[in-house]
Each structure stands twice: as C-alpha cells, then as structure tokens.
Student: 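Structure incoming, see below.
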Amino acid sequence: MRKLIVIAVLLGCYPALLVSALWPAPALFGLIAATSYAAEYAAAGVVRQLPEVLSKVHLGLTLRFAAREMAALLLVARTAGVDSPWFAALAAGLFGIHAVRAVHTGLALRLRQTLSMMPVTTRNLDVSALRIPKLPPPFLRDSHSVRFLCLDVLPVLGAAAGAVVAAVGAGLALLIGATGALALLPYVRRVVPLTDKARVIEVVGEQVKAYRPEVILYFSGATAAAYQARMWLPTLERISRRAIVVLRERGMAAHLEPTTLPMVCFPSSADLMSFRALSSAKLCLYVSNVGRNVHMLRIPTLRSAFLNHGDSDKEASFNPFSRVYDEVWVAGPAGRDRYRRARVGVRDENIHEVGRPQLEGISTEGPGLPYPTVLYAPTWEGWNDDLMHTSLITMGPRIVRALLDHDPPLRVIYKPHPLTGHRDKSALRAHRRIVAMIEALELAKSKARHPSRAAGETPRIEHLIVTGPRPTLYECFNQCDLLISDISSVVADFLASEKPYAVTNVAGMPERAFHERYPSAEAGVALGPDLAGLANFLDGEDTLARARVKLRSYLFGPEYPDALTRFDAAVERVFTRS
C-alpha cells in the first residue's frame, strides 16, 4: 500500500505542477514542487525497481527533473511575463545546469573508464611509484549526477517566491555545479598515466617479486560468491609460507574481508599468463570450479590443489572436474570416501586430509539466553535441478512460521545462502516472504512494547535476519542452540559445535536411504516436507549427542594435531617434494 501511495504521489505531482503554474498559484506550486522532490527521494528507497521501470516507459529521472523545471519556467512566464529579463535569466540558468551536468558526467565517465583500463589492481602492495591518486568523493565521481540534477531545487522552489528569486537560485545552482565539475578535472588528469599498461605491470611485478610469494590462492566468480575465498584468508595468513591472493574480477577485493595478504587482480587472461613475478610460487590453491581456473592450471611449475569452499555431501564436493587438479584437499575421511564412492576419476593417492582450520573459533556452548535460539540457514537452489537441495522454496516459510509461533517462544536467526535466487526466482520470493514474516512480527512487538518493563518480566526476543557478511555463519553458530539447514557444508561445519541439528529431507526420501546418501545428516533429525519431526526436534530429548561427536571425527579427522597444523603440513609437503 505504501508503495502505491509513493508512486501515485510521485506521478501525480507533475500534472499538478503544470496546473498550478498555468493558474498561476505560486504558493500551491511551491508546496507541490517540494512534495515532488520528497516523493523522488522516497521512491528510491521504497520502490527499488521504479527508476528502471519509469526509464523503460520514457519517464526517466532527467525527464522528470526537466518537466519540473519547465513548470517553474512557465510559472515565471505567467507571473513576470516572457519579456522580463529574470525570465531569460532563469531559462539560461536552467539550460546551464544541464550543460554543466553533461560536462561533469563526461569527466566522471572518463575517470571511471581510465581506472577500469588498469591491467592489474592491487591491495596490500606498495605501488606508490604509480602515484595512484585518491579518488574524489562519491558524489563527485557519480556519473549519474543525481546530485547535480537536484541543484534545480533552488530555481524551482525559488519560482514560487518570484522571478528574481528563481533567477538568482538558478545562478547559484549553476555556480555550484560548475565548481563541482571543475573539481573533477585534476583527478582525471592524474589518472592518465595509469593507462600505461607496461609501466603499471612493471611496478606491480617489482613489488610481487620483492614479496616472493610461495602459495597462491586463486579465485574467480561473482561478487555474491566472494565468501568462497573469504573463508580461507585467515587460514592462509597463519601458514608458514608466504601467500598471495590472485583475483580475476575487477573490484572483487572490496568484497573480501580485511587481511594482511597481498592481492593482485588480473581481468585479462593474457596479462595474467604473461605475469612472471609469480614464478616464485610452487603451490596454487583453488576454492571453486570455474572456467577461468584454466589460466593458472596451464602453468607447469605450479602444483594445483583443490580446496573447495565447503566440505559437504553436495555433488560439488565430488565433482568430476576435480580430477584436473594435481591434488584434492578434503577435511577428513568423509571427503575421501565421497570421491571413492562417486568414482569420478580422482585417484585416492591424490586426496589429502587436511582438516578444516576455519572451525577453530566455533564454540560448543550455546549463547546462554533464557530462551533457545534456532538458526535456519538454507542453501541456495544450485546450478541445476540435480544440485537443488534448498528447502527454501517448498518448506522455508512454513519452517520459519512454526518457529515464530512456537510456545514457549524462541529466537530465530535466519541466514540464507548468499546466492539465494541466483537461478530460481521462486527461492527469492520465498526468502522475501520469510523476511516480511519476521519483520512484521518485530514491528508488532515494537508497537506493543511498553516503555517500562516490570521486574521479572521475560525479556523481549529479537529475531535476526542476516543477509550480509556480518555476522558470519560461524558467529551465527555461536549465537544459536539449534540448527535447521539443508544438505550443504553448513551442516558439516555445524558439527564442530556438537550442538543438535536438523537436516531438511526435501525429496521426502526414506530416512535410512537419506542417511546413507548423505552421511553428514546421520547425527541429526531428518525433517521431511510435512515437518512432522520439527516439534520433537525443538522440544524432545537430545539422544544424538554421542553420534555427533563420532560423526565430527569422521568429517574433520582427528582432533590432534589440530587442523591448522595439518593444513600447514600439507603445504610443506608440496615444497618438500618439489
């Protein structure tokens, strides 16, 4: 309803502006104009797709601002007359605002294009020799120039006060816009040397050579998949060999957490394959199976090892593509057995059990709240139907509804997979239903909450929706008492906490067959499509504690030596044999 109101107000303001200008009714015009600016601002936040939809029907942002300006010009013509010098001044000022905006947009685009032409970008490397300038403030480098359009608020609202005020407002807006555009010129000039490809690669190469990397973490993928590389950064910071991160998508480094590891990004495969400064490295680690891996796999002096980004019963954990790597590193015996059963061509002697170092910080204790906390962390829909293990579409809203309605009350943490909705929009719709469900309950509680709480009253439960990188999945583990998830690495990693968990049996397989096919579910409650086992999982006795401890050893290997020691030993073994 709120969205419809915002759209109606936004679109209704323009004919109202025309009528009030023709009338003329300056005071009414000023009120409607102010309302239209407010509606523009509200629409951007309330109806995210609206700007795109309006552009498709030729009612884009620039046209809407121009229509408002023409109404202001018409009002001045009606009140002061077209022969008034202030009318001419206003017309010239409005034209000048758009001219200045065009100049600014050209400079902003030039700046962005120049930076995007850099053959390699870096992080945590000293490339001061390139004299890369600091970027201007975001509002200056925004090529959409929305703020420059908003300068017309001075002449438009000024028109309601009279021709003189409108003309002066136009002149002031023009001056501010010209100053902003000119401020961008020095930045554009300073980035020109960065288009010298040979020089940029030479400077970066010198710094990489000075660092002498020994291990490479290679990553290519969508920004939503950045978590696949992010999870390995703390581990590589702690190994005994010098590691470097090689990325392929421009801007990907910004989506990775702060780290001390040097990073280089090569958008061009030719530039990467001709970059000799990485020759000191002996081992390259891969966290996902993507086509761009081939550009590193072709280097004969690098031994390749597939880490994967999760250790689970999903088909991705025994993908036939894995046989292209020299080695496959798995967490424990379960990972080795998956490849043995799958018979996808990965030789047993090339599989190495290295533990799961990321799990060190996972606590076996709950958050200690006076009520239980349940984490619902469904996986995404997979690249095709054969890989689709998500419960989100068919079970998700019902699971969350049951959790929210549970008596006694419990806390819900909802953390969907970062790629949710990437392939199937019905998963995105289910996700939005869950978010709306939780937000509606929180809003209702907020309205009903009395400002002062009586002594001894049960504290208000605040549910949590996690759609960003923080809190991390493992931090969510530490904040919960129980987990409900799908067949994925979430289930396997949660076993490090030894807390109870339930796994969704989306296909409704017989329980024995389900556990045989997905061993990581053996120590958990199988949750079928009818949710029949949910009540017992939430309220029944925990009889699987010992089974979880046993399964943990099978999935992650022995507790001693610890996972980081075993992982580091695997790295050292590569250097010992080379």
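Both backbone and side-chain heavy atoms feed into the values below; hydrogens, waters and symmetry mates do not.
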Student: Under 3.5 Å, is there a donor-acceptor pair between the Glu249 and Thr223 side chains?
Tutor: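 No, no side-chain donor-acceptor pair sits under 3.5 Å.
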
Student: Donor-acceptor check, side chain of Lys499 to backbone of Cys480, threshold 3.5 angstrom: yes or no?
Tutor: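 Side chain of Lys499 to backbone of Cys480, a donor-acceptor pair under 3.5 Å: yes, one is there.
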
Student: What's the verdict on side chain to side chain donor-acceptor pair (under 3.5 Å) for His463 and Glu439, showing C-alpha distance, side-chain angles and the deciding distance?
Tutor: CA-CA 9 Å; His463 305 294; Glu439 288 179 344; over 6 Å; no

Student: Passes side chain to side chain donor-acceptor pair (under 3.5 Å), Arg123 versus Thr259? Steps please.
Tutor: CA-CA 9 Å; Arg123 179 173 153 188; Thr259 178; over 6 Å; no

Student: Donor-acceptor pair, distance only, cut-off 3.5 Å: does the side chain of Thr179 make one with the backbone of Leu175?
Tutor: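 Yes, Thr179 side chain to Leu175 backbone: donor-acceptor pair under 3.5 Å.
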
Student: Can you name the nearest heavy-atom pair linking Ala33 to Leu157, along with the distance?
Tutor: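 What the structure gives for the nearest pair is CB-CD2, 3.7 Å.
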
Student: Supply the atom-to-atom distance Asn505 CG to Met395 CE, rounded to the nearest 0.5 angstrom.
Tutor: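 It is 7.5 Å, given to the nearest 0.5 Å.
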
Student: Tell me whether Lys425 is salt-bridged to Glu381, with the criterion being a basic N under 4.0 Å from an acidic carboxylate O.
Tutor: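 Salt bridge: no.
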
Student: Applying side chain to side chain contact (heavy atoms under 4.5 Å, CB included), run through Thr420 and Leu392 and close with a yes or a no.
Tutor: CA-CA 9 Å; Thr420 294; Leu392 196 56; 3.5 Å; yes

Student: Under a 3.5 Å distance rule, please check whether Thr504 uses its side chain to pair with a backbone N or O of Leu527 as donor and acceptor.
Tutor: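 Side chain of Thr504 to backbone of Leu527: no pair is present.
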
Student: Go through it in stages, so that I can follow the logic: the residues are His104 and Asp142, the test is side chain to side chain donor-acceptor pair (under 3.5 Å), and I'd like the CA-CA distance, side-chain angles, deciding distance and then a yes or no.
Tutor: CA-CA 9 Å; His104 169 266; Asp142 178 17; over 6 Å; no

Student: Quick check against the 3.5 Å criterion: does Ser288 have a side-chain atom that pairs as donor or acceptor with the backbone of Val290?
Tutor: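 Here the side-chain-to-backbone pair does not exist.
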
Student: Measuring only between side-chain heavy atoms, which start at C-beta, is Arg433 closer than 4.5 Å to Val400?
Tutor: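 When only atoms from C-beta onward are counted, Val400 and Arg433 do not touch, as no gap falls below 4.5 Å.
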
Student: Would you sort out whether Arg64 and Glu69 count as a salt bridge (charged side-chain N to carboxylate O under 4.0 Å, His left out), showing the intermediate values?
Tutor: CA-CA 9 Å; Arg64 298 199 300 277; Glu69 293 162 7; over 6 Å; no

Student: Would you check if the side chain of His309 reaches a backbone N or O of Val287 as a donor-acceptor pair within less than 3.5 Å?
Tutor: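 Judged by distance alone, yes, a pair lies under 3.5 Å.
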
Student: Treating Asp481 as the side-chain partner and Thr373 as the backbone partner, does any N or O pair qualify as donor plus acceptor under 3.5 Å?
Tutor: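 Side chain of Asp481 to backbone of Thr373, a donor-acceptor pair under 3.5 Å: yes, one is there.
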
Student: Mind checking whether Ile413 and Val466 have side chains closer than 4.5 Å, heavy atoms only?
Tutor: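 Yes - at least one pair of side-chain heavy atoms lies under 4.5 Å apart.
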
Student: Would you call Arg411-Glu462 a salt bridge at under 4.0 Å N-O?
Tutor: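 Looking at Arg411 and Glu462, the cut-off is not met.
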
Student: Enter the distance from Ser84:OG to Leu90:CG here, rounded to the nearest 0.5 Å.
Tutor: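 The OG atom of Ser84 sits 9.5 Å away from the CG atom of Leu90.
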
Student: Rounded to the nearest 0.5 Å, what's the gap from CG on Leu10 to CD1 on Ile5? Could you check?
Tutor: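 The CG atom of Leu10 sits 13.5 Å away from the CD1 atom of Ile5.
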
Student: Determine whether more than 12 heavy atoms belonging to other residues, nucleotides or ligands lie under 6.0 Å from atom CG of Asp405.
Tutor: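 Counting other residues, nucleotides and ligands, CG of Asp405 exceeds 12 neighbours.
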
Student: Considering the options Leu403, Val490, Val503, Leu375, which one meets the side-chain contact (heavy atoms from CB on, under 4.5 Å) requirement together with Ile484?
Tutor: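 Among Leu403, Val490, Val503, Leu375, the one meeting side-chain contact (heavy atoms from CB on, under 4.5 Å) with Ile484 is Leu403.
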
Student: Do other residues, nucleotides or ligands put more than 12 heavy atoms under 6.0 Å from the CZ atom of Arg141?
Tutor: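 For Arg141, atom CZ is crowded (more than 12 foreign heavy atoms under 6.0 Å).
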
Student: Return yes if some donor-acceptor pair links the side-chain N/O of Arg131 with the main-chain N/O of Arg190 below 3.5 Å, else return no.
Tutor: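 Flag not set: sc Arg131 to bb Arg190 has no pair under 3.5 Å.
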
Student: Closest approach of Pro267 and Pro119, non-hydrogen atoms and distance?
Tutor: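 Distance-wise, the nearest heavy atoms are CD-O, 3.5 Å.
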
Student: Taking the side chain as C-beta and beyond, is there a heavy-atom pair between Gln479 and Leu464 under 4.5 Å?
Tutor: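 Yes, close enough: below the 4.5 Å cut-off.
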
Student: Could you check Ile399, Leu404, Leu441, Ile461 and say which one makes a side-chain contact (heavy atoms from CB on, under 4.5 Å) with Val412?
Tutor: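 Of all the options given, the one that passes is Leu404.
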
Student: Please tell me if the side chains of Pro136 and Leu111 come closer than 4.5 Å, counting only heavy atoms from C-beta onward.
Tutor: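 Yes, close enough: below the 4.5 Å cut-off.
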
Student: Would a distance-only check, ignoring hydrogens and angles, find a side-chain to backbone donor-acceptor pair under 3.5 Å from Ser497 to Ile362?
Tutor: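 Flag not set: sc Ser497 to bb Ile362 has no pair under 3.5 Å.
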
Student: Ion pair present between Glu257 and Arg470, side-chain N to carboxylate O less than 4.0 angstrom?
Tutor: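 Judged by the 4.0 Å cut-off on N to carboxylate O distance, Glu257 and Arg470 do form a salt bridge.
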
Student: Would one find more than 12 heavy atoms of other residues, nucleotides or ligands at under 6.0 Å from atom CZ of Arg292?
Tutor: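 Yes, CZ of Arg292 has more than 12 neighbouring heavy atoms, counting only those of other groups under 6.0 Å.
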
Student: Minimum heavy-atom separation for Thr390 and Thr379, please, with both atom names.
Tutor: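 Closest approach of Thr390 to Thr379, heavy atoms only: OG1-O, 2.9 Å.
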
Student: If you look at every heavy atom in Leu140 and Ala108, which pair is closest and at what distance?
Tutor: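 It is O-CB, 4.3 Å.
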
Student: Do the charged groups of Glu475 and Lys415 touch, with an N to O distance under 4.0 Å?
Tutor: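 Result for this pair is no, no salt bridge flagged.
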
Student: Determine, step by step, whether Tyr37 and Val156 satisfy the side chain to side chain contact (heavy atoms under 4.5 Å, CB included) criterion, reporting the C-alpha distance in whole Å, the side-chain angles of both residues, the deciding distance to 0.1 Å, and the verdict.
Tutor: CA-CA 10 Å; Tyr37 282 110; Val156 170; 3.5 Å; yes

Student: His98 versus Thr62: any side-chain heavy-atom pair under 4.5 Å?
Tutor: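 Yes; the side chains approach each other to less than 4.5 Å.
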
Student: Given side chains that start at C-beta, do those of Arg78 and Trp23 come closer than 4.5 Å, heavy atoms only?
Tutor: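 Side-chain contact under 4.5 Å: no.
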
Student: Above 12 or not: heavy atoms from other molecules or residues under 6.0 Å from CZ of Arg401?
Tutor: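 Counting other residues, nucleotides and ligands, CZ of Arg401 exceeds 12 neighbours.
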
Student: Under a 4.5 Å cut-off applied to non-hydrogen side-chain atoms, are Cys13 and Val9 in contact?
Tutor: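 When only atoms from C-beta onward are counted, Val9 and Cys13 do touch, with a gap below 4.5 Å.
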
Student: Decide yes or no on side chain to side chain contact (heavy atoms under 4.5 Å, CB included) for Asp152 and Phe65, but give the supporting numbers first.
Tutor: CA-CA 8 Å; Asp152 76 353; Phe65 273 79; 3.3 Å; yes

Student: So which heavy atom on Ile97 is nearest to which on Pro155, and how close?
Tutor: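 Answer, listing the atom of Ile97 first, then Pro155: CD1-CG, 4.3 Å.
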
Student: What distance do Cys265 atom SG and Arg248 atom CZ have between them, rounded to the nearest 0.5 Å?
Tutor: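 Those atoms lie 8.0 Å apart.
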
Student: Search all heavy atoms of Leu261 against all heavy atoms of Leu233 and return the closest pair with its distance.
Tutor: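 Minimum heavy-atom separation between Leu261 and Leu233: CD1-O, 3.8 Å.
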
Student: Counting N and O atoms only, with roles assigned by atom type, does the side chain of Arg398 sit under 3.5 Å from a partner on the main chain of Pro529, one being a donor and the other an acceptor?
Tutor: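 Pair found, side chain donor or acceptor close to backbone of Pro529.
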
Student: Would you say Arg250 and Thr121 are linked by a side-chain donor-acceptor pair, where the criterion is simply a distance under 3.5 Å?
Tutor: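 No, because no side-chain N or O of Thr121 sits under 3.5 Å from a partner of the opposite role on Arg250.
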
Student: About how many Å separate CG of Leu59 and CG of Leu11, when rounded to the nearest 0.5 Å?
Tutor: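 It comes to 7.0 Å.
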
Student: Using 30° and 60° as the class limits, which term best fits the ring planes of Tyr414 and Tyr376: parallel, tilted or perpendicular?
Tutor: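 Because their plane-to-plane angle is under 30°, the rings of Tyr414 and Tyr376 count as parallel.
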
Student: Give a yes or no on whether the ring-centroid distance for His255 and Phe219 is below 6.0 angstrom.
Tutor: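 For His255 and Phe219, the ring centres are not under 6.0 Å apart.
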
Student: Cationic tip of Arg230 within the cone over Tyr227's six-membered ring, i.e. under 6.0 Å and within 45° of the normal?
Tutor: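 Arg230 over Tyr227 ring: no.
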
Student: Looking at Leu419, is its backbone amide N or carbonyl O close enough to the side chain of Arg423 to form a donor-acceptor pair, meaning the two atoms are under 3.5 Å apart?
Tutor: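 Looks like no, no N/O pair under 3.5 Å.
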
Student: Side chains of His417 and Asp486: donor-acceptor distance under 3.5 Å anywhere?
Tutor: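 Judged by distance alone, the side chains do not pair up.
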
Student: Atom CZ of Arg68 and atom CG of Leu149: how far apart are they, to the nearest 0.5 Å?
Tutor: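 Between Arg68 CZ and Leu149 CG, I get 9.5 Å after rounding to 0.5 Å.
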
Student: Is there a side chain to side chain contact (heavy atoms under 4.5 Å, CB included) between Met70 and Leu74? Walk through the geometry before answering.
Tutor: CA-CA 6 Å; Met70 291 305 101; Leu74 181 59; over 6 Å; no

Student: Between Thr79 and Pro26, is there a side-chain heavy-atom distance shorter than 4.5 Å?
Tutor: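 They are in contact (side-chain heavy atoms under 4.5 Å apart), so the answer is yes.
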
